[in-house]
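Reviewing the structure listed below.
Because the structure is predicted, anything quoted here is derived from the model rather than measured. Numbered from 1 within each chain, the chains take letters A, B, ... in sequence-line order.
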There are 2 protein chains.
Amino acid sequence: MSRRLTDRGEERRRQLLAYATARFAEHGYHPTSVADIVNGLGVGKGVFYWYFDNKEELFRSILREAQLDLRRRQRDALAGAPDPLSRIAAGIRASVRWSAEHHELFTLVAFAATDDRFSGLVRRGQEVAVADAMRHVTDAIEQGLIPDRNPLELTRAMFGVTSELTRHFLHQEPEAAVSVDEIAETAAQFCLGGLLGPDARGAGDQPVASSSRS
Amino acid sequence: MSRRLTDRGEERRRQLLAYATARFAEHGYHPTSVADIVNGLGVGKGVFYWYFDNKEELFRSILREAQLDLRRRQRDALAGAPDPLSRIAAGIRASVRWSAEHHELFTLVAFAATDDRFSGLVRRGQEVAVADAMRHVTDAIEQGLIPDRNPLELTRAMFGVTSELTRHFLHQEPEAAVSVDEIAETAAQFCLGGLLGPDARGAGDQPVASSSRS
DNA sequence: ACTGTTCTTGACCGATTGGTCAAGTTTTCC
DNA sequence: GGAAAACTTGACCAATCGGTCAAGAACAGT
């Protein structure tokens, strides 16, 4: 589809994406029909199919734009952080904040990861993000700031912390009145502690021999 | 439905549950039809509706049995652990092992958490599991084994680590040839470190004043 | 052996869906 | 001003689905 869109067309496409995002997040991808989307916007069915080949393509577009936005946000957040551990902490905080602001997108990505058609796309996006974060973990190991353990395992553990705390406190139980900053801080602190491990000394200590060297 | 089932009936019901579990895990809940399930078992549609009121009830039954099984497994794992931190570590390892053995159920719970109809059930099940685990976190704080921070936040962070490491290494990338025990150990170590935080001293030290007391 | 219950079959049905498309409107371009 | 393109409408359609149910088979109990 190499047809050009006018400004009016671009605006309509954005409306479809935004409305569909909200609708999918609230009711789920499968239970939401194309008719639901176009009726909600007050347009005819053909408008939908003018801009998207099918329902699945619409959803993929939403996922891709979410991934790009998050990655951009994390890159911006790391600018200026002096050392690997503070970059890791800054990345975690940026992630928590982005997810807090994009509840709908977070929900959709979580669903997409469990669905055959979309899990590949989600996986590839996450691999990029994980590779980004893992570089800092590797740097921290090389600089002797944390014990030498499997960087991928450590990075994935951090992802788990970040997404679970965000999901629970900022999306599922927002009435718990926990601030985004508090959750971001909890995530960062827990992860820094996790990187150090249970036998860790204070930051800056010389690396010590590990009984289970990897 | 208070009709009694014979042994033959019980066996058929189990077959429906097992086949549906595999089918839902592989293709997704929504894309799997009742026809898919009964055709896969080689029975007629009425068999399905003899045992279950509808498709949704079948899925709920699967979720409930999964939650009971996991909880039982974790309770067994804690027996004999002498102190809170070793109970926490034992619970984490049990969780990882259970999830490794129940890939299908793990997948279904992950999906169910994102779906309107089932997320309530998943949430309640998780709250029970979280409350169980949080008791040990609270004990550890009270015994001065870890700094005094929000136990619920700490417990949720551990859940995030456990599920993400399991999901990634044992389900998504099984060809990475990482053993279940290694992942269980990584999860336990990361979490113990996370509980201690980045300023932690060795286990057994007196609790020190925290600059951000909660 | 007969009755009652459990288990089973698969045609059937109303409802819903994703997607198509002829026709019309609006806008753009020359 | 007219032609072309973009945008829009909503009826239509084949396919699929969840669930029902009359009828039959198998089994259990007396």
In whole Å, what is the span from the CD atom of E10(B) to the C1' atom of dC7(C)?
13 Å

Check the phosphate of dC7(C) against W50(B), side-chain N and O only, distance under 4.0 Å to OP1 or OP2. Yes or no?
yes

Between T21(B) and E104(B), do the side chains contain an N or O donor and an N or O acceptor separated by less than 3.5 Å?
no

Output one letter per nucleotide in nucleotides 22-30 of chain D: B when a protein non-hydrogen atom lies under 4.0 Å from the base, S when only the sugar-phosphate is that close, - when neither is.
-----S-S-

Mapping G46(B) and K45(A) to their closest nucleotides on DNA chain C, which lands nearer the 5' end?
G46(B)

I'd like to know if the side chain of R60(B) and the backbone of R117(B) have a donor-acceptor N/O pair within less than 3.5 Å.
yes

Does any N or O in the side chain of H27(A) come within less than 3.5 Å of the main-chain N or O of R23(A), such that one atom is a donor and the other an acceptor?
no

Answer with yes or no whether the side chains of D115(B) and H30(A) bring together a donor and an acceptor at under 3.5 Å.
no

Once the angle between the rings of H102(B) and W98(B) is folded into 0 to 90°, is it parallel (under 30°), tilted (30 to 60°) or perpendicular (over 60°)?
parallel

For DNA chain C, which residues of residues 20-41 of chain A approach it to below 4.0 angstrom with any heavy atom?
T32(A), S33(A), V34(A)

Within the 4.0 Å heavy-atom criterion, would you say G9(A) contacts the bases, only the backbone, or no part of the nucleic acid?
sugar-phosphate

Y51(A) side-chain N/O to dT8(D) phosphate OP1/OP2 under 4.0 Å:
yes

With a 3.5 Å cut-off and no angle check, do the side chains of Q74(B) and S95(B) form a donor-acceptor pair?
yes

OP1, OP2 of dG18(D) versus side-chain N and O of K55(B): anything below 4.0 Å?
yes

Angle class for the H103(B)/H171(B) ring planes (parallel below 30°, perpendicular above 60°, tilted otherwise)?
parallel

K55(B) to Y29(B), cation-pi by 6.0 Å centre distance and 45° axis angle:
yes

